[in-house]
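Single-structure report; data block below.
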There are 4 protein chains.
Amino acid sequence: MGRVAEQPDRRQALIRAAFSAIAENGFEGFRLRPIAAAVGIDHSTLHHYFPTKADLIAAVLHHATGQLEGTMRMDLEPAARLRHHLGEIATALTAQPELFIVLDELDRRARRDQSTATTIRDDEQGWRAALATIFEEGVEQRAWSVDLDVDSSVELVIATIKGVRLRPEVAEPVVEQLCGLFSKESGS
Amino acid sequence: MGRVAEQPDRRQALIRAAFSAIAENGFEGFRLRPIAAAVGIDHSTLHHYFPTKADLIAAVLHHATGQLEGTMRMDLEPAARLRHHLGEIATALTAQPELFIVLDELDRRARRDQSTATTIRDDEQGWRAALATIFEEGVEQRAWSVDLDVDSSVELVIATIKGVRLRPEVAEPVVEQLCGLFSKESGS
Amino acid sequence: MGRVAEQPDRRQALIRAAFSAIAENGFEGFRLRPIAAAVGIDHSTLHHYFPTKADLIAAVLHHATGQLEGTMRMDLEPAARLRHHLGEIATALTAQPELFIVLDELDRRARRDQSTATTIRDDEQGWRAALATIFEEGVEQRAWSVDLDVDSSVELVIATIKGVRLRPEVAEPVVEQLCGLFSKESGS
Amino acid sequence: MGRVAEQPDRRQALIRAAFSAIAENGFEGFRLRPIAAAVGIDHSTLHHYFPTKADLIAAVLHHATGQLEGTMRMDLEPAARLRHHLGEIATALTAQPELFIVLDELDRRARRDQSTATTIRDDEQGWRAALATIFEEGVEQRAWSVDLDVDSSVELVIATIKGVRLRPEVAEPVVEQLCGLFSKESGS
DNA sequence: CATGAATGAGACTTCATTCAT
DNA sequence: AATGAATGAAGTCTCATTCAT
């Protein structure tokens, strides 16, 4: 109501600045002062929005996970759906490199920070479930080239995606190859 | 027999201590003083061995890459060779978790440090070549389930291994699944 | 009336403390911690005012050069004006020994620090010009004992003053002697 | 007797290296390790020759003062003798700049180090006496342009020389001007 | 004579955080 | 909401010196 008051997007601006800074320098070089400066406020003012550094990082975490929204084309057959999904990710990997770098850094941080780990795990539940569905349906439909284990396949896909974040330039052929291995059509 | 001379490899001890510290806290929390303390020397003495922090990290880098020695059973058929190789890695992943955590951290650091990047890249050349040989021979012998692309398959394997470092507990089924996808024998 | 706000010029206090410290120990023994302690603040707070040691020294430099204000009695004849001016300096030399010691140290530092050199050179321009005027007018009025060269005489005066900073106790007779040499009236 | 033993000029080499280092960086930047390195020995070996840093500096002090040997042409008349002497110094000032820089630094150090002060004072006694003789003889012979005070004139000459060390490029005209002021011949 | 290892004191600087205004 | 001053802990690195070999 007051018109002096809230700068509603100060928080957002800070989060975005932090996001970019982490993408650029990783957590190792992540300092608060430059973030405040980037938004044009004093560094102590930053503490009004995020009392502690960890709070800001948590906000960045939510921002990052929320940004990753791969669509699942449920109208497609399992194999095609997988190919479409991984293709989208491969595309995003070069289109939004910052996002994947930040997610990568967050995965590392999760090793030592329980709360980060939990958030990421929760966030990935949806993804895991969707992938599981793909493989289950495929198994039912005998769409895969081999007798695959659903859980292992899910983890395989996730590991591949996470691993390829280090080399976005080969992402596309890699996921293509992986899909090729799953699909029945090709092969002797 | 004097007290001064009887530490034949303070350097090694320092490297090992640094190695463990990085495995435990990552580079973010990597401080020199605790390293010196762990070895039982004054922190300024550390600078006698490693003039700069970067020098110590470089030594850790060499220590880590040198430690990773997967045997390649050239006597085996390509498919079996791949399975054996990845199996070894999966085993190592849980047997020497520190090593893989450090390698993981180094991959991250390579994003911003050219010299780290170069060392890692050089170190991986041998691995890449050995994997390429496996796939090439397999192609000649029509050992694979599909018409695969050698380069992409190499990158796929590497990405999977690197990605699975985040979850060593699923490493074994994941590599098993990946081998299953490559191998011809199974399949519906 | 709060306790925090009532130090209107911490900066000035720091500059003065640094000034005295340099006078006492020279640049060789110039350390930041004692400066902060002398003002009663934490040594990291000093960096709030002067981010770097060089910044503090630069401030001291300005403080010192700004403090040296010899009046030029333009109402006097050239010879008398010179005598008055040098007399003032000789007096100041024993009245404010710290100032001249610091200026002396700064001259030394200027040998290796370009920015110090420039500041000093700029600051001395006014002095050089005023001295040149004295000698030029004296030449016109045939006030000097000999055919003197204006530029050389200016440099002679400056060199003498700078040299006598090492022995303030003889400053007065020395400048007196120098004036005597210039002036016409005396002589056998 | 042994032929393995003494490297007779190690000491000299160290002194010379220290001399040059001080000329280049002043006492502020004077470190022992580079000196040892310049001579090609370990820095702890340096302590065999000079147990302490002060010892090395003392040796440099003697080296420097010993090197300054202005000849006094006693065969010349006082005025000519002074001109000759100062001319020699002016020449040396540009021919051996290092020497005068080191002497300059030592004068500064003497302000805080009694032993340096004493050595310098002793060393200058000869110079002072020779200058005094010049002026005394000149007074007797009525060679000077004015009734000068011997002691003050000695200090004036010394101050001028010390002051002009900061600007060797104007040394020659400055001493020329000073001699001109003393000499009788010119003037109205 | 020469060395390398070791030390301890101390240097400058950075940073997240708090507090009064 | 916003600021600037202040803090204290900690960080990397340097240097003269000593000691055993």
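Small disclaimer: the values here were computed from a predicted structure and weren't measured. Every chain is numbered from 1 and lettered A, B, ... according to where its sequence line falls, protein lines coming before strand lines.
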Could you tell me the separation between the [atom1] atom of [X] and the [atom2] atom of [N], rounded to a whole number of Å?
X: D:D55; N: F:dT18; atom1: CG; atom2: P; answer: 11 Å
X: B:D42; N: F:dT14; atom1: CG; atom2: P; answer: 15 Å
X: B:L46; N: F:dC13; atom1: CG; atom2: P; answer: 10 Å
X: A:I41; N: F:dG4; atom1: CD1; atom2: C1'; answer: 14 Å
X: B:R11; N: E:dA5; atom1: CZ; atom2: C1'; answer: 14 Å

Dot-bracket, 5' to 3', for DNA chain F please: Watson-Crick or G-U pairs under 3.5 Å, [ ] where pairs cross earlier ones, | where the partner sits on another strand, dots elsewhere.
.||||||||||||||||||||
Can any side-chain N or O of D:R10 pair as donor or acceptor with the backbone N or O of D:Y49 at less than 3.5 Å?
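No: the side chain of D:R10 does not pair with the backbone of D:Y49.
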Would you say B:R111's side chain and B:D107's backbone share a donor-acceptor pair under 3.5 angstrom?
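No; judged by distance alone, with no hydrogens or angles, the pair does not exist.
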Strictly below 4.0 Å: does [X] bring a side-chain N or O up to OP1 or OP2 of [N]?
X: D:R10; N: E:dA2; answer: yes
X: D:Y49; N: E:dC1; answer: no
X: B:T45; N: E:dT7; answer: yes

side-chain hydrogen bond (donor to acceptor under 3.5 Å, both in side chains) partners of C:H43, counting only residues at least two apart
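side-chain hydrogen bond (donor to acceptor under 3.5 Å, both in side chains) list for C:H43, sorted by chain: empty.
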Distance-only criterion, 3.5 Å: show the donor-acceptor pairs between side-chain atoms of residues 116-124 of chain A and protein atoms not counting sequence neighbours.
| from | atom 1 | to | atom 2 | distance (Å) |
| --- | --- | --- | --- | --- |
| A:T116 | OG1 | A:D113 | OD2 | 2.4 |
| A:T118 | OG1 | A:Q114 | O | 3.0 |
| A:T119 | OG1 | A:S115 | O | 3.0 |
| A:E124 | OE1 | A:R128 | NH1 | 3.0 |
| A:E124 | OE2 | A:K162 | NZ | 2.7 |

Under the side-chain contact (heavy atoms from CB on, under 4.5 Å) test, which residues partner B:S44, sequence neighbours left out?
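Per chain and number, B:S44 pairs via side-chain contact (heavy atoms from CB on, under 4.5 Å) with B:D42.
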Restricting to non-hydrogen atoms, name the atom on A:E105 and the atom on A:F27 that form the minimum distance, rounded to 0.1 Å.
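Heavy atoms only, the tightest pair is OE1-N, 3.6 Å.
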If you define the side chain from C-beta out and look only at heavy atoms, does anything of C:I15 sit under 4.5 Å from C:H62?
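Answer no - side chains too far apart.
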Flag side-chain contact, heavy atom, 4.5 Å: B:I101 against B:F19
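They are not in contact (no side-chain heavy atoms under 4.5 Å apart), so the answer is no.
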Go through the N and O atoms of the side chain of A:H48 and the base of F:dA2, and report whether any donor-acceptor pair is under 3.5 Å.
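Side chain to base: pair present.
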With B for base contact, S for sugar-phosphate-only contact and - for none (protein heavy atoms under 4.0 Å), nucleotides 12-17 of chain E reads BBBBBB
Is there any side chain to side chain donor-acceptor pair (under 3.5 Å) pair reaching into residues 14-30 of chain A, and which pairs are they, with sequence neighbours excluded?
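Counting only pairs at least two positions apart or across chains, the side chain to side chain donor-acceptor pair (under 3.5 Å) contacts touching residues 14-30 of chain A are A:E28-B:R109.
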